[in-house]
Amino acid sequence: MCGIVGLLVKKPELRKSLGEMIVPMLIGMSDRGPDSAGLAIFTEMLDPSHRKHSLYSGDKEFNWSELLYKFQSHFEGDTEIDSQGNHAILISDADPESAKQWIKQHYSQLYILSTGRSINLYKDTGTPQEVSDRYHFKSLKGSHLVGHTRMATESAVTAAHAHPFTAGEDFCLVHNGSLSNPYEIRRKLEPRGIKFETDNDTEAACRFLEWRMREGDNLEASIQKGFEALDGFYTFLMGTTDKLALVRDAFACKPAIVAETDDYVAIASEFRSLAHLPDVNHAHLYEPAPEELYVWTV
Amino acid sequence: MDSVIFDLSQTPLREVNQFLHHNANGKPIKILNPNGAHNIAIGLDSPISVEIAGHVGYYAAGMNQLANVTIDGNAGTGVAENMMSGRVHVKGFASVSAGASAQGGLLIIDGNASLRCGISLKGGDIVVGGSVGSFSAFMAQAGRIIICGDAADAIGDSLYEAVIYIRGTVKSLGADAQFEPMSETDYQTVGELLAKAEFCHDPKEFKRIASAKQLYHWNADANQEY
């Protein structure tokens, strides 16, 4: 069992309250996922020459300013870092692949949570309340976000195994359910040079969909291919720079409910997480149908 | 009689359920702010009336006996599952497995029911005002399901003696389910259940789906393509 939450605000003036709105939703899914939690938030786009990398260190005493200093000495150019505890967002105009390689080479203890022009990603072990407090989720601002509370069923409880998973740039996915053919997917992708970071089944789905998009499919077409390739139970919620997308498996094994008003689209595994949203009593409430694709654009 | 009112944002659910089990003494109960909580009004065993003002989570009114539970909102997974008797009325829509394994009583859903509605039904009656999702009435053994709207895939798969009456269209019949002619008794049954649920459709608009009984016995000569 896991919990999924997602939120997209339709009015720019609500972007400043995104974090405040999501925290009760995330905490509402604590019973479904008490062991880890995570959130990917999509913010204003950086200009095309810049990328931001969300970085995670298991060690809370990590020296981020030293990393910044060494990074700047190597790449020169324009770099800044915004750190809190074991998490930091590194913004740089260095070539993203070279930057990632450099981080992996010099700081192998760091985990690169996400890369992109608009995504910031946070995930860690702990209850949703603890993780929300640790990274000040309440103060997050942005247009839309994807969140997850995890109850591990098939791989270890670590920050790396927590959701959201990412692949490529500005794409993330959270999953409630379990896949029965993640290794089949992996065997298909690895010979194409696609590298996996964990043994988690969700990572296989995430990398499969991102691979389809890199091959030229749009999000919708890649998900259609996913229906054929991915076997198992799932509700997937995905985020891109300007979209949220939701799908459920053919048997609707895992729950989802959507509340839509003039102000927002809110998605959760259960209504409990939507009950406290403003004006939810007048929202259009519905359960997404199985094997149907729901996409909302900012 | 005045209702006893509980507000679930103030009173713990366990306290409310204990009151319903032991102290209701026939008094009508109203529950405010259910906010999708699980297990509201489960295991009731006396003829009391309970009104829940809002949306409920999983297994609301599960295992109900004798009580009359009205949910003025939507219901999560497994509403009225394993009901023994009494009446459960969902005024909104119901999520998956509504009325699963119900042995008796009447479940009324004004809106749609999701997948697996009435799965393994064992004698209860279900009336759905809207449509039902795939695999509804799967392996239903006894009881009646009235569907005023449509059915998605595999309705009545592996049915035993339960009977389905449907007004709308069927996307696909499940294995061993078949349409059968309506008899006078069928029209009467549909009329009675619609009246109980306060839906005013003409029973003549309904079609009967029941088991072809081809799966009752092992057939070694079959090509096993079920």
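Protein chains get the first letters and strands the later ones, always in sequence-line order, with residue 1 at the start of each. Below, all heavy atoms of this structure are taken into account, side chains as well, without hydrogens, waters or symmetry copies. As the structure is a computational prediction, the values presented were derived from the model and not from experiment.
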Trainee: Using the six-membered ring wherever Trp is involved, compare the ring planes of B/His55 and A/Phe271 and label them parallel, tilted or perpendicular (cut-offs 30° and 60°).
Mentor: perpendicular
Trainee: Does NZ in B/Lys207 sit with more than 12 non-hydrogen atoms of other residues, nucleotides or ligands closer than 6.0 Å?
Mentor: yes
Trainee: So what's closer than 4.5 Å to chain B heavy atoms on A/Tyr286: side chain, backbone, both or neither?
Mentor: backbone
Trainee: Who in residues 106-132 of chain B is close to chain A, using a strict under-4.5 Å heavy-atom cut-off?
Mentor: B/Ser114, B/Leu115, B/Arg116
Trainee: Return the CG to NE2 distance between A/Asp31 and B/His38, rounded to the nearest 0.5 Å.
Mentor: 7.5 Å
Trainee: Counting only heavy atoms not in B/Glu205, do more than 12 sit closer than 6.0 Å to its CD atom?
Mentor: yes
Trainee: Against chain B, label A/Ile257 side chain, backbone, both or neither, depending on which of its atoms sit under 4.5 Å from a heavy atom there.
Mentor: side chain
Trainee: Please indicate whether A/Phe137 has more than 12 foreign heavy atoms, meaning atoms of other residues, nucleotides or ligands, lying under 6.0 Å from its CZ.
Mentor: yes
Trainee: More than 12 heavy atoms of other residues, nucleotides or ligands under 6.0 Å from NZ of A/Lys138: yes or no?
Mentor: no
Trainee: For each of A/Ala252, A/Pro290, A/Ser273, tally heavy-atom pairs with chain B at distances under 4.5 Å, and name the one with the top tally.
Mentor: A/Ala252
Trainee: If you draw a 6.0 Å radius around CG in B/Asp2, do more than 12 non-hydrogen atoms from other residues or ligands fall strictly inside?
Mentor: no
Trainee: Go through the atoms of A/Ala289 and report whether side chain, backbone, both or neither lie under 4.5 Å from a heavy atom of chain B.
Mentor: neither
Trainee: Give a yes or no on this: more than 12 heavy atoms of other residues, nucleotides or ligands lie within 6.0 Å of atom OH of B/Tyr160.
Mentor: no
Trainee: Around A/Phe251, counting heavy atoms of other residues, nucleotides and ligands shown, do more than 12 lie under 6.0 Å from its CZ?
Mentor: no
Trainee: Does atom CZ (B/Phe199) have a neighbourhood of more than 12 heavy atoms from anything else shown, all under 6.0 Å?
Mentor: yes
Trainee: Check whether B/Ser134 gets within reach of chain A through its side chain, its backbone, both or neither, counting any heavy atom under 4.5 Å.
Mentor: neither
Trainee: How many angstroms lie between NZ in A/Lys254 and OG1 in B/Thr77, if you round to the nearest 0.5 Å?
Mentor: 10.0 Å
Trainee: Taking all non-hydrogen atoms of both residues into account, name the closest pair between A/Pro255 and B/Tyr58 and its distance.
Mentor: CG-OH, 3.4 Å
Trainee: With a 4.5 angstrom heavy-atom cut-off, is it the side chain or the backbone of A/Glu287 that approaches chain B, or both, or neither?
Mentor: both
